[in-house]
Amino acid sequence: MRKLVHFLGSITLALILIALTALLVIFGTLLESKTGSHLYASSLTYSHPWFHLLLGGFFLNIFVSTARRWPFRKKHIPFLLTHLGLLMVIAGVMIKGLFGTQGVMLLVEGGATQTLFLPDTYAIAAETRSEKTTSPLKETVNLFPGLTAKVLHFARNARPSLKTWIKEDHISITGFKPTKIVDVGDLILKPDDLSLLQWNVVGVRADDPFEVVKKVFDEAVKLKVLDTATNVELYHGPFQSELSIPSGEISLNLKLYPNSANSDFSHNLGLEFFDPNTKEMVSVPLSGGDALCAISKTAPYLGAAPVKLELTSKPLLVFIQGLGEEIGIFALDLYGRAYYELFHPENLISYLSYDDGFKGYAVTTTIPLSLAPESLHNIEAKEFNHFRKALEMLKELPPLKLLQDCCRRKSLNFQDTAAGFVTKWHHERHLIPLQRDPNFSIDRTQISPRDYKTCCWIATLFKELEQVLLNQEDPFSWLQARGWPFTESLNTLKNTNEITEVDKITQLLDLLVQQIYGASDALREIKARDDASLLGAYMRLYGLEPTKLISQVKRSEVKESPLVLETRLSLGFVEHPPVNKLEQNRPALTLLIENEGKKEILSLPFAEYGQALKWPVGEGSCLVRFQNDSLTIPYRIRLRNARQIHYAASSQAFSFECELLILDTRNGAEEEVLLSMNKIHETWDGWRFYLSHITPEDDTAVHKVQLAVSLDPAKYYFTYPGGLLLSVGILLLFWLKPYRKS
Amino acid sequence: MRSKLTLFFKLFFLLLFVSSCSTHKTPKNRVATLIHGRNLNLPPVYRVKLPYGWKEIPLSPHIDRSDTTQPIATFEIAEENGTIHIVIHNFPTETQVPVKLQAERWQRQFDLSHSLFISSLPQAFSGYVGLLFEGSGEVKGRPLKVMAWALNLGEEHYQMLSHHLTALNYESRAQVTIKASGPERLMKKHKKSISAFAKSFELVEPIPLRS
């Protein structure tokens, strides 16, 4: 027994303990640097029972070595102080480990909380309409009387999975019958079997959602290709990506354009093809306000596109399950207007909450299509009407006064005649209109001499320029070769890199009109060929050409109520192997919920610090969430302001600060506190608050702050006094005469 | 040796009481002032820290408080060479109105015929998000500098208060403007305290957080 006591208090044991501790610390350091995980290293070292045993060993060793010196003398004072100090420090560490608190508090500017989340703990938070609880995770948790949760499965690492439009291989839309999804190879669309009066819902599984879109066009859409000027049908039949028209072959390319203006991952669809007759690239948008309106990408300054497309389909809603979690949503209306969106459950911007979540959650998407859409014919009629109104409003302008005079003489309606003139000009695609009606005439005497000369020159020049453009020659070089006098401005326009080549030509036409008018006094007299070209030139002089008028037509997306689809959210998770970096593991639970005899199964991914929705169980009687354990501290912390301070003239952070209002709920005492980097706050009873994170860094949104909070109950009673005693003891050991001499 | 020991202990204890310096000097000479909203039957909705030397101008009991063109609080900094007026308005509405509309209104108040300096900076404090409008120019022929904040509650807070729409919550979720205007030199002198005043503005009751 004596030998045992001697050993317990011996320097040998002390050295063994120190060596073991050093080895443990080295092991922990190496483990942490290898795995990058403090939690993993800590679980095998500092938090491991072995470490606590070592601490206990130190305590015992120091205590026995001290006690062995009994009875104590004056010369033992430094020794006793040192050893007592050590014992108090070790006791402080052990008490802190057992009874201390360390946690995280999340605050939002303007809000207050008393909730402290405990890291590396698990609990189930439950809520009824009248009360809330947080219960540490056990095999069976009693949430509320009559409501229990039994853990069926604990996954150490899992990824949350939100189910939206497709659940268990069926399309799930509120108000629609569930529809089974098929593989893309098994998708057969028979237009005759589809309804004309309601949305036909189809679900498809495919690696590439866009391939499904193309297949739907091939199988369900009918197409007419028409000459814009004459309305002659060039093709009528099923939609095909390669088809023949009298002037040659057309390759219809279905294209997807990112809709940068829209943040919900919707895309614009369109068709592009090369017209073999005019050698122009034509684009027909199928989405957006300009849907179905063909435009020439090569020569928009000439007028309308040379050909137009009329599409017909049955109204379709197609949901496409891709490779990942995203779901493609594709819709087609009666006239081929299309909508395409990639729905990402992880990128939900907003959701619907029914009865505060007790009746569940849902998401919606808005499809800007309707069951009663406008046809291309309707759109053209609107354009015509727009011309009528616009020209009526501008009828006091000289060119339109001429036309009014013509209409009066021939007893024609001005609005219809003017709109018809402009529409024909636009569809026939000329810089200057052709005289189609030999009886069309205007009173040239009503035109001022300067305007008349200008218009004759515009008409003549533009007729020749049109041929240059149709031959795809360079108009700038042509003008210079013909001796055009204003070469400086032409060169400036030609050499600018800020606009496209097509826009340069559009601007060139306007520039030429201005230059001709400016130089009209110096020009010789010439005659206009016919009255239509004269009127057209006059309208150009006043900016009334069809391409300018058409740009004022305000087209909007669907006029009637757009289609709003809704689906319930359901939660699950996908289990993965746990990783060594324990901080990155996100656990999940499968729970069996029993509510007064009724059972249900619920999957709950981990919500760190409660930052996720609570999910309804028990037929909406309760909400639950799997999260960190938490406790209520006796201080209500209110975040007033948080900010990042920058270095002068730099965006680099110099400091982070937050202003808090701390209310002691026990006595009502309130204190204003400023926390910053390296400036913590400690209450009278040892609660410490440390600012660890602020987001966002700028002032564009309400700031959120994360505080690290700790309580060490032994600090002032054991740890600090022990440290002081230890320091004094060591000083006395080395400074007092007897020890210095030895 | 003893004197060295004594010196050591003195230095040691001195170090224990040194704390880090903060970049932000919270002015101590300020008084918390409560402000009622449009409905006097409700408890005060807002509070703000009023620096010493500022004067609160009581509102006339005859004004119609429900008229949002009237302020809910008025303050003044009066000096020999001029006075700065500070007014606070709130605009309880059914939906949130963009703060930039307020900034556009303030800009229109300036005479465009004279040189005008305008700036607008995003702001976020006390649960509000908005902008700080600064303008220097002439208003009705008088040179004037304006510092004005237009603030909406953050989206989450607005939703939370809308969810439990009591009369107090309806008032609490209102858009707020704080406008200080006065001679340029005086405004420059008091710029920091005006800014600190505005940033001390908050709701009396903390906004409940979703848990």
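Protein chains get the first letters and strands the later ones, always in sequence-line order, with residue 1 at the start of each. Keep in mind the model is a prediction, meaning the values are calculated, not measured. What you see below is based on every heavy atom in this structure, not just the backbone, and it leaves out hydrogens, waters and symmetry mates.
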| Can you name the nearest heavy-atom pair linking A:Ala112 to B:Pro206, along with the distance? | CB-CB, 3.7 Å
| said: Which one wins on heavy-atom pair count under 4.5 Å against chain A: B:Ser126, B:Gly154, B:Pro208? | reply: B:Ser126
| request: Could you tell me which portion of B:Glu156 (side chain, backbone, both or neither) has an atom closer than 4.5 angstrom to a non-hydrogen atom of chain A? | output: side chain
| Just wondering, are more than 12 heavy atoms of other shown residues or ligands nearer than 6.0 Å to CD in B:Glu155? | no
| message | Around atom CZ of A:Arg129, are there more than 12 heavy atoms from other residues, nucleotides or ligands closer than 6.0 Å? | response | yes
| task | Considering non-hydrogen atoms only, spot the tightest contact between B:Leu203 and A:Arg638 and give its length. | result | O-NH2, 2.6 Å
| CZ/A:Arg643 to CZ/B:Phe125 distance, rounded to the nearest 0.5 angstrom? | 11.0 Å
| field | Heavy atoms of other groups near B:Phe91 CZ, more than 12 under 6.0 Å | value | yes
| field | Candidate pair B:Lys49 and A:Glu672, rule salt bridge (Lys or Arg N to Asp or Glu O under 4.0 Å), full reasoning | value | CA-CA 12 Å; B:Lys49 286 200 186 140; A:Glu672 291 178 7; 2.8 Å; yes
| query | Which residue out of A:Thr113, A:Val108, A:Thr700 racks up the most heavy-atom pairs below 4.5 Å with chain B? | reply | A:Val108
| query | In terms of heavy-atom contacts, does CZ of A:Phe718 have more than 12 from other residues, nucleotides or ligands at under 6.0 Å? | reply | no
| Rounded to the nearest 0.5 Å, what separation is found between the CZ atom of A:Arg640 and the NZ atom of B:Lys199? | 14.5 Å
| field | Gap separating the CD atom of A:Glu109 from the OH atom of B:Tyr128, nearest 0.5 angstrom | value | 12.0 Å
| query | In terms of heavy-atom contacts, does NZ of A:Lys704 have more than 12 from other residues, nucleotides or ligands at under 6.0 Å? | reply | no
| note | Turns out that what part of A:Leu675 lies under 4.5 Å from chain B's heavy atoms comes down to neither
| said: I need the A:Asp356 CG to B:His163 NE2 distance, nearest 0.5 Å. | reply: 3.0 Å
